[in-house]
Amino acid sequence: MDSSSSDTALRPGRAPLRGTADNGMKIVVVGGFAVGKTTLVGSVSEIRPLNTEETMTRAGVGVDDPSAVPDKRSTTVAFDFGRITLSDENVLYLFGAPGQERFWFLWDRLFSGALGAVVLVDTRRLEESWYTIDRLEHHGTPFIVARNNFGEPTHGLDEVRSALDLPDDVPLVDCDARDRESAKQVLIALVRHLHTRVEASQRAGAAEEETTP
Amino acid sequence: MSARPAPAGRDDGPDRLYTVTGGRSRPPENVFDLVTLIVAEGGPAPGMQSELARILRICSAPTAVVEIAAELRMPVSVVKILLGDLLEAGRITARHPRFSPARRPGAARLPDLDTLKQVLDGLQQL
Ligand SMILES: Nc1nc2c(ncn2[C@@H]2O[C@H](COP(=O)(O)OP(=O)(O)O)[C@@H](O)[C@H]2O)c(=O)[nH]1
Ligand SMILES: [Mg+2]
């Protein structure tokens, strides 16, 4: 089999990273079907979003086994991703992941080590995000919520917040996933939120040190 | 008339993928993250399994595990098995993510402020 000439042909526009790139980072964009995940990733990515898949075998009750080769007991989940070169060393990968309940056993593995997550919601189908938000809270993954505006918004953000039962300290922002600047602002909002969380946990740590002899 | 065998890929059945991995079905544990950057230490050797040769060509520049999987059109876990072989043979090096609680149990769940500052600066320059 001769594939030597097809590596680049398979993926036109393949843009190699700088030779100095040495630190990959992850942010996950999670949400229901057709909520705009791929669109958002594509808006800010320096490459056309690529698609790949992971296979997981349910080896037994409570035991998830990453299995390379799919069989009857396995589930295959497709996800897409894009990439942003941040500096000579740092490269940020954005993953678009379906939020449906049946896929969650995979995310714990796939996305542990992510800096944080953006929950993308469509106000016409808010209830689809309840499980996702529960799960992120349970997992301890920091996140923000972005409402993707399909047309004129019919609900205020405060209504969305209460429908999602979102704590006050979790940012909720509006976006147009098709717009690069808007998508970029969503990511910036997440990173600022992470910054706030880290500072808060450092203050808490310092306070604890003061009170423990 | 027989068709030329296509390269292994996503649409292949389990049999073909088992052949690619030499019958193994489990990737090495906690060695590669999705965003571990892989760099080839040289070009392919003559007669090398074609999937391994393709990985080495792709990784002439640093390439994330997940990008290799997308390019080869194979599940991530299959690619991790192949990368494990190449790593063991010294044909690739792996640049691991610095923030990676998965690889260090008990590690902080939050990135440090310096990392966040770098991410913010990078995003603001977009
Ligand atoms: N009007 C409008 N359409 C959008 C917006 N974001 C995404 N879409 C469209 O909605 C559809 C689903 O988007 P996609 O990104 O594929 O959703 P995914 O399933 O979450 O990845 C596509 O046809 C997009 O073009 C938006 O902000 N406004
Ligand atoms: Mg999509």
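Remember, predicted model here, so these are calculated numbers, not experimental data. Order of the sequence lines sets the chain letters (A, B, ...), proteins ahead of strands, with each chain counted from 1. For the numbers below, each heavy atom of this structure counts, side chains included, while hydrogens, waters and symmetry mates do not.
With a 4.5 angstrom heavy-atom cutoff, A:Arg18 touches chain B only via backbone atoms. In this structure, no portion of A:Thr141 lies under 4.5 Å from any heavy atom of chain B. With a 4.5 angstrom heavy-atom cutoff, A:Leu194 touches chain B via backbone and side-chain atoms both. Heavy atoms of B:Thr115 lying under 4.5 Å from chain A belong exclusively to its side chain. Interface residue A:Leu187: backbone and side-chain heavy atoms are both found under 4.5 Å from chain B. At a 4.5 Å heavy-atom cutoff, A:Glu46 makes no contact with chain B through either its backbone or its side chain.
Of all heavy-atom pairs spanning B:Ala69 and A:Thr52, the tightest one is CB-OG1, 3.5 Å. Nearest heavy-atom pair across A:Leu17 and B:Ala61 is O-CB, 3.8 Å. Between B:Leu110 and A:Ser201, the shortest heavy-atom distance links the atoms CD1-OG, 4.0 Å. Residues A:Leu50 and B:Ala70 come closest through the heavy atom pair CB-CB, 4.0 Å.
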Evaluate side chain to side chain contact (heavy atoms under 4.5 Å, CB included) for A:Phe81 paired with B:Val35, printing each intermediate quantity in order.
CA-CA 11 Å; A:Phe81 64 94; B:Val35 299; over 6 Å; no

Derivation and outcome, side chain to side chain contact (heavy atoms under 4.5 Å, CB included), residues A:Glu89 and B:Arg98
CA-CA 11 Å; A:Glu89 294 83 29; B:Arg98 284 176 214 141; 4.2 Å; yes

Working for side chain to side chain contact (heavy atoms under 4.5 Å, CB included), residues A:Val198 and B:Leu116:
CA-CA 10 Å; A:Val198 173; B:Leu116 291 174; 3.9 Å; yes

Please report the C-alpha distance between B:Phe99 and A:Leu115 in whole Å, then the side-chain angles of each, then the deciding distance to 0.1 Å, and finally whether the side chain to side chain contact (heavy atoms under 4.5 Å, CB included) criterion is met.
CA-CA 8 Å; B:Phe99 177 64; A:Leu115 299 176; 3.7 Å; yes

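In terms of modelled atom types and a separation under 3.5 Å, the side chain of B:Arg95 and the main chain of A:Asn23 share no donor-acceptor contact.
Sorted by first and then second residue, the side chain to side chain donor-acceptor pair (under 3.5 Å) pairs with a member in residues 79-94 of chain B read B:Arg24-B:Asp85, B:Glu41-B:Thr93; sequence neighbours excluded.
Around CZ of A:Phe33, the count of heavy atoms belonging to other residues, nucleotides or ligands within 6.0 Å does not exceed 12.
Distance CG/B:Leu34 to CD/A:Glu54: 7.0 Å, rounded to 0.5 Å.
Using a 4.5 Å heavy-atom cutoff, the side chains of A:Glu53 and B:Met74 are not in contact. Counting heavy atoms from C-beta outward, B:Pro97 and A:Met25 have side chains that stay 4.5 Å or more apart.
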Compile the donor-acceptor pairs under 3.5 Å between side chains in residues 117-126 of chain B and protein atoms, sequence neighbours left out, one pair per line.
| from | atom 1 | to | atom 2 | distance (Å) |
| --- | --- | --- | --- | --- |
| B:Lys117 | NZ | B:Asp121 | OD1 | 3.4 |
| B:Lys117 | NZ | B:Asp121 | OD2 | 3.1 |
| B:Gln118 | OE1 | A:Asn90 | ND2 | 2.5 |
| B:Gln118 | NE2 | B:Asp114 | OD2 | 3.2 |

